[in-house]
Amino acid sequence: MMDIAYDPAAIERRWYEYWEREGHFQPRGDGEPWCILLPPPNVTGSLHMGHGFQQTLMDVLVRWQRMRGYRTLWQGGTDHAGIATQMVVERQLDGTGESRTSLGRDGFIERVWRWKEESGGTITRQMRRLGVSLDWSRERFTMDDGLSRTVREVFVRLHREGLIYRGQRLVNWDPQLRTAVSDLEVIAEEEAGQLWHCRYPLVVGDGAVVVATTRPETLLGDTAVAVHPEDERYRALVGQRVQLPLTGRELPIIADEHVDPAFGTGCVKITPAHDFNDYEMGLRHQLPMIDIFTEDATLNDNAPAAYRGLDRYEARQRIVDDLEAAGLLEKIEPHRLKVPRGDRSGVVIEPRLSDQWFVRAAPLAEEAIRAVEDGRIRFVPDNWKNSYFPWLREIKDWCISRQLWWGHRIPAWHGPDGELWVGYSEEAVRREHQLPADMPLLQDPDVLDTWFSSALWSFSTLGWPDKTPELADYHPTAVLVTGFDIIFFWVARMVMMSLHLLGEVPFRDVYVTGLVRDARGQKMSKSRGNVLDPIDVVDGIDCDALVAKRTAELMRPKQVAQITKATRREFPEGIAAHGTDALRFTFCALASTTRDLRFDMGRVEGYRNFCNKLWNAARFVMRQAEADRSMAAARDDGVAVAGAGVAERWIISALQRTIADYTAALENYRFDLASQALHEFCWHEYCDWYVELAKRRLGDVPPDSDEARTTRQTLVQVLEQALRLAHPMMPFITEELWQRLRPLSGCAGASLSLETAPVADDARHDAEAELEMEWLKGVVGAVRHLRGELRVQPGQRIALLLRGGDATDHQRSERYAAELHSLAGLESCRWLSAKETPPPVASHLHAALEILLPLAGLADPAQERVRLEQALGRLEQDAKRQRGKLQSAGFTSKAPAEVIDETQRRLTQAEASAELLRRQLRLLGSEGD
RNA sequence: GGGUGGUUAGCUCAAUCGGGAGAGCGUCUGCCUUACACGCAGAAGGUCGGCGGUUCAAUUCCGUCACCACCCACCA
């Protein structure tokens, strides 16, 4: 027997294990190949809302396409996430007496691998809880042997083609992580700072120039002072020299167009080794480049002895003090400036001159632009190409080397005299270049940017450079589902690499999702303490545990108190268990075209209720159908027809409409519209109306009659179709119900996950039945409205009177007498003749049909009078509006005929209705007086 | 400084072609009517951000302004 309420915990794991064990997620059949890539999550990470959201959408697509007969592959795997993972392991070593450096490179990497083995299963376990149906047998890791081989292959090829080069450049340097990072990994935000005005005395004479700087400590690396060539104030000084304070060095005053005379003093200090603009200027003017920092941004030996070893900010203070003491500090102004920070470490990025590896990006970008321009790749929503194009058109070379230990080691070897060879391995390099066996070779110590291997993901996972059958079948993949935050990091780079190396796009569609935010619209992040773990929404969590989780990784105690308070206020009872399907359905419902998605627990709750609704509908249907032994045999072409009444014809027609809407919506990646169509059908058509009608019918006719049998079959078959339709979004509950329904539905298959998706059948669209049902729903609605207004007790049966209407109304009222009685709670229903004077009634109009509810013992005539007057007011207003339109010459001459007809029809209707109400009011008035 | 997206019911969000706006949650009223109180039946609630334009007709198209969010950009 089924429980009275749906309990997701009781079934979810069981079905997942079954599907996986039976290999349902592997490509099968001989349909067209269809492939989707999982953006590889951090192998040691855990699932957050963004993953849950995107993976749910991917899973909906892949399950749906699987049911539509495609030979689907969801290719998955995990990412080594170089910086993030290395940071975690380094932090683990804190306080253990060991450190990265004490362990040494091999020892440290060994530790990272151990951590990967230890925690690597977490996120994939969580993905399974979400129902993710990827082919786990093909799971890959960016640092496994095969993918590492692809990485080396690509590196070597691009290097040979001159698309990868090594050079000394000014790069973004993270002094905490002690590595270069790419432009994308630097976040510049406006912060409060200061502008220091410093006086640089002229070497000749006793004059001075005043430079304004936001970074006084870099003064020690200055190699020039620049002014604008047209700046009258300084023109005479160009070519002269100044004394650089605190150092004893002299600097030239140069002229350069780039100087903005209006900013600061119009006179700027030039530090080519520590500023991107100054670097360019240094190149233009052949200035010396003096690097004054070590790798962790303390001052090095190029600084005067007094400052060596100081941190950059200590040095700043010291230098400001010293300038002040020397009388060279003119003034200090508050100043807001953009401060570049590392997106991982959060520390201020230091431009640093160093030897790095780069990808020459511009040539690769050209084809990537073309592929979107000519439609080989399609962005959904389309406007995302507007961010894609400009970035690619002005792309800068990509710094791919990282001074980390965890990652793909760069396949390049240094000889003893500064030679450098790139190759697949040390042996290959020796062989290729005929290097003597005793020549010492040292592999380049750097590793590659994690995104380098990510960029190869579409084909590395399918076996490239080998010509595998998978590569032939599944590349290009069908669609990439990802967030707009990684269009540059990942999407664009994947497009460039795939086009260049394979000559084809990596995917045809890019479906760009919004970003999941908290209920207040804030980005969810650990540091904000506002994260919701999708698994907690599934399983539930009590308030204390939630608070503990959110405050575990916070640094500042002040923040802990604040987050504790906020969390207790928002979730005083913690979070209830909602089950995976409810969460998945919520994600679908949220997936509109907007960029920011506020995660709303209220909606999850609503969709948990929806699951329960389905559960109980199935419970009812099964109870009705169980006794009927003919049920399973009845399955022919999906839904029974013999002896079908208008309700059956209607619900079957509505089902076709729903299937068509749902299918069209999913084809356009409108998960929200698809989920809405499904929800509307299941709840408000099937449950609210068809099941209620079926109840009545089954109570009225003999159980073994054709009518009863057809009703039962329709209940079962429509539910079965609805379960198929819902399965991609709600795989667990639908599988459970489908299995229970199977003896009645006559489906032979082993699992819903292997069944075919419903296809709308136009032949079953039934306009007449829909019209009939419209009438019935309208009249029932009118009666219910009156009952509600008049506060008639639900149990109380009423004697309904009908008047007016046309012949069809008369026929229908007889045809659906039984339905009206049960759905509207009628005691009796009688037509009044035109002449007959009704007793005091409450009335409602359905088209020309007057629905009259006698007031005797029900309500106050005065109240009814007020109601009618309000209704009359609305009708008169409407009539006036329509009349106005029809009297306008412009309207009648220019509007399309059908709009004019519609307006005319409305006017006639409104006038007629108003007249009926006036008559009603007159009657009431005479009775009431 | 450029660019993109948004502004619709108390909250979260929909609305294919321009022809008097919908849902869920919340609120109010009445119901434990034997599938479901995670429910049923009703109801209230909107100058569709402001202004201007095009049009017979604008939430919808165009312009402009305001506010919010995000992206890009070398102003020390």
Side-chain angles (χ1 to χ4, degrees), chain A residues 2 4-6 188 195 211-215 218 226 258-260 262-271 275-281 335 337-338 381 383-384 386-387 390-391 394 484-485 487-488 514-515 517 519 521 523 576 578 582 589-590 592-624 661 664 668 670 672-673 676 679-680 684 687-688 691-692 695 781 784-789 791-795 822 825 878 881-882 885 888-896 898-900 902-903 906:
Chain A
M2 289 174 76
I4 193 165
Y6 172 54
L195 199 55
V211 298
T213 180
T214 54
R215 302 206 50 200
T218 63
H258 180 263
V259 178
D260 177 1
F263 185 89
T265 60
C267 195
V268 60
K269 61 194 258 330
I270 303 300
T271 321
D275 181 280
F276 287 100
N277 291 316
D278 293 3
Y279 178 74
E280 294 300 323
M281 207 180 287
H335 179 66
L337 73 163
K338 293 272 189 177
N383 56 44
W384 284 110
N386 295 331
S387 10
W391 188 75
E394 285 173 48
F484 57 79
D485 51 332
I487 287 178
F488 305 145
L515 241 47
R517 296 167 176 278
K523 198 168 166 180
H578 295 87
L590 283 175
S592 66
T593 57
T594 176
R595 290 182 183 187
D596 299 325
L597 314 163
R598 293 186 188 215
F599 190 81
D600 178 6
M601 285 303 298
R603 287 188 83 155
V604 194
E605 221 171 295
Y607 296 131
R608 178 204 56 187
N609 297 351
F610 179 48
C611 291
N612 192 54
K613 188 77 179 173
L614 282 179
W615 179 264
N616 276 288
R619 223 157 62 89
F620 171 80
V621 169
M622 280 182 246
R623 185 192 288 186
Q624 296 302 315
D661 290 350
N668 292 306
R670 288 301 301 267
D672 58 332
L673 299 180
Q676 209 176 67
H679 184 270
E680 168 70 18
H684 299 298
C687 290
D688 284 354
V691 168
E692 292 306 315
K695 267 184 196 170
R784 285 174 174 175
H785 172 77
L786 290 174
R787 295 181 62 118
E789 287 286 297
R791 308 278 138 81
V792 179
Q793 290 298 298
S822 85
D878 190 46
R881 220 178 267 136
Q882 308 309 326
K885 274 191 189 177
S888 142
F891 180 73
T892 48
S893 63
K894 296 196 179 169
E898 58 181 46
V899 173
I900 295 173
E902 172 64 18
T903 308
R906 253 185 106 138

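From a predicted model like this one, the values you see are computed outputs, not experimental measurements. Numbers restart at 1 for each chain; the letters A, B, ... are given by sequence-line order, proteins then strands.
In this view, A:Asp878 and A:Gln882, A:Arg906 satisfy the side-chain hydrogen bond (donor to acceptor under 3.5 Å, both in side chains) rule, not counting sequence neighbours. Taking the salt bridge (charged side-chain N to carboxylate O under 4.0 Å, His left out) definition, one finds that A:Arg784 meets it with nothing, sequence neighbours left out. In this structure A:Ala618 satisfies the side-chain contact (heavy atoms from CB on, under 4.5 Å) test together with A:Met622, A:Leu719, A:Leu737, sequence neighbours excluded. The side-chain contact (heavy atoms from CB on, under 4.5 Å) test applied to A:Arg787 returns A:Val783, A:Val792, A:Ile798, A:Leu853, not counting sequence neighbours. For A:Lys695, the side-chain hydrogen bond (donor to acceptor under 3.5 Å, both in side chains) partners are A:Glu692, not counting sequence neighbours. Scanning for side-chain hydrogen bond (donor to acceptor under 3.5 Å, both in side chains) contacts around A:His684 gives A:Asp688, with sequence neighbours left out. The salt bridge (charged side-chain N to carboxylate O under 4.0 Å, His left out) test applied to A:Asp485 returns no partner, not counting sequence neighbours.
Separation of the P atoms belonging to B:G49 and B:U7 is 7 Å when rounded to the nearest angstrom. With C1' as the reference atom, B:G10 and B:C72 are 37 Å apart, rounded to whole Å. Spacing between B:G45 and B:U4 at atom P, rounded to whole Å, works out to 40 Å. The gap from the C1' atom of B:A73 to that of B:G24 amounts to 42 Å, rounded to the nearest Å. Nucleotides B:G26 and B:C38 are separated by 11 Å at their P atoms, to the nearest Å. Comparing the P positions of B:G6 and B:C62 gives a spacing of 12 Å, expressed to the nearest Å. Comparing the C1' positions of B:G2 and B:U27 gives an interatomic distance of 46 Å, to the nearest angstrom. Taking atom C1' in both B:G20 and B:A58, one finds a spacing of 12 Å when rounded to whole Å.
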| request: With pairs defined as Watson-Crick or G-U wobble and both distances under 3.5 angstrom, please note down RNA chain B as a dot-bracket string, | for pairing with another strand. | output: (((((((..((((.....[..)))).(((((.......))))).....(((((..]....))))))))))))....
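As a whole-Å value, the separation of A:Lys885 NZ from B:A57 P is 11 Å. For the pair A:Lys894 NZ and B:U55 P, the interatomic distance rounds to 8 Å; values are reported in whole Å. Nucleotide B:G24 holds its C1' atom 13 Å from the CG atom of A:Asp672, rounded to whole Å. Taking atom CG on A:Asn668 and atom C1' on B:A15, their separation rounds to 15 Å, with Å as the unit. The CG atom of A:Leu673 sits 9 Å away from the P atom of B:A14 (whole-angstrom rounding). A:Glu680 has its CD atom 8 Å from the C1' atom of B:A23, to the nearest Å. When the P atom of B:G5 is taken as reference, atom CG of A:Leu597 falls 17 Å away, rounded to whole Å. For A:Phe891 and B:A58, the CZ to P distance is 12 Å, given to the nearest whole Å.
Within 4.0 Å of A:Arg603, counting heavy atoms only, lies at least one base atom of the nucleic acid. Residue A:His578 is out of contact with every strand shown, counting any heavy-atom pair closer than 4.0 Å. Within 4.0 Å of A:Asp688, counting heavy atoms only, lie sugar-phosphate atoms of the nucleic acid but no base atom. Nucleic acid contact class of A:Val211 (heavy atoms, under 4.0 Å, all strands): none. Residue contacts for A:Arg881: at a heavy-atom cut-off of 4.0 Å it reaches a base atom on one of the strands shown.
Checked against B:G42, B:G20, B:A14, the side chain of A:Arg784 finds its nearest nucleotide in B:G42. Distance from the side chain of A:Asp596 is smallest to B:A69 among B:A69, B:C40, B:G42.
Under the 3.5 Å distance criterion, the side-chain polar atoms of A:Asn616 are left unmatched by any main-chain donor or acceptor of A:Ala5. Between the A:Asn668 side chain and the A:Arg670 main chain, no donor and acceptor come within less than 3.5 Å of each other.
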| message | For nucleotides 70-76 of chain B, give me one character per nucleotide, 5' to 3': B if any protein heavy atom sits under 4.0 Å from the base, S if the only such contacts are to the sugar-phosphate, - if neither. | response | ---BBBB
For nucleotides 28-32 of chain B, print each protein N/O atom paired with a nucleotide N/O atom at under 3.5 Å, atom names and distance only.
from  : atom 1 : to       : atom 2 : distance (Å)
B:U29 : O2'    : A:Arg791 : NE     : 3.4

Give me, pair by pair, the N or O atoms of the protein and of nucleotides 36-39 of chain B that are less than 3.5 Å apart, along with how far apart they are.
from  : atom 1 : to       : atom 2 : distance (Å)
B:C36 : O4'    : A:Asn616 : OD1    : 2.9
B:C36 : O4'    : A:Asn616 : ND2    : 3.4
B:C36 : O2'    : A:Asn612 : ND2    : 3.0
B:C36 : O2     : A:Lys613 : NZ     : 3.2
B:C36 : N3     : A:Lys613 : NZ     : 2.8
B:C38 : O4'    : A:Asn609 : OD1    : 2.8
B:C38 : O2'    : A:Asn612 : ND2    : 2.8
B:G39 : OP1    : A:Asn609 : ND2    : 3.1
B:G39 : O3'    : A:Lys613 : NZ     : 3.1

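Aromatic ring orientation, A:Phe263 versus A:His335: perpendicular (interplanar angle above 60°, classes split at 30° and 60°).
Across all non-hydrogen atoms, the minimal contact from A:Lys338 to A:Ala188 is CD-O, 4.2 Å. Looking at every heavy atom in both residues, A:Cys611 comes nearest to A:Ala582 through SG-N, 4.0 Å. Considering all non-hydrogen atoms of both residues, A:Val259 and A:Val268 come closest at CG2-CG1, 3.7 Å. Taking both residues in full, the closest heavy atoms of A:Leu590 and A:Leu597 are given as O-CD2, 3.1 Å, listed atom of the first, atom of the second, then distance.
Applying the 6.0 Å contact sphere to CD of A:Glu394 captures no more than 12 heavy atoms from other residues, nucleotides or ligands.
Distances shown here put a side-chain N or O of A:His785 below 4.0 Å from the OP1 or OP2 atom of B:A43. Checking the phosphate oxygens (OP1, OP2) of B:G6, no side-chain nitrogen or oxygen of A:Thr594 falls inside 4.0 Å.
For the pair A:Gln676 and A:Thr892, nearest-nucleotide mapping onto RNA chain B gives the more 5' position to A:Gln676. Of the two residues contacting RNA chain B, namely A:Gly890 and A:Phe620, the nearest-nucleotide position lying further toward the 5' end is that of A:Phe620.
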Could you pull out every donor-acceptor pair under 3.5 Å between side chains of residues 598-605 of chain A and any protein atom, sequence neighbours left out?
from     : atom 1 : to       : atom 2 : distance (Å)
A:Asp600 : OD1    : A:Gly602 : N      : 2.9
A:Arg603 : NH2    : A:Tyr607 : OH     : 3.3

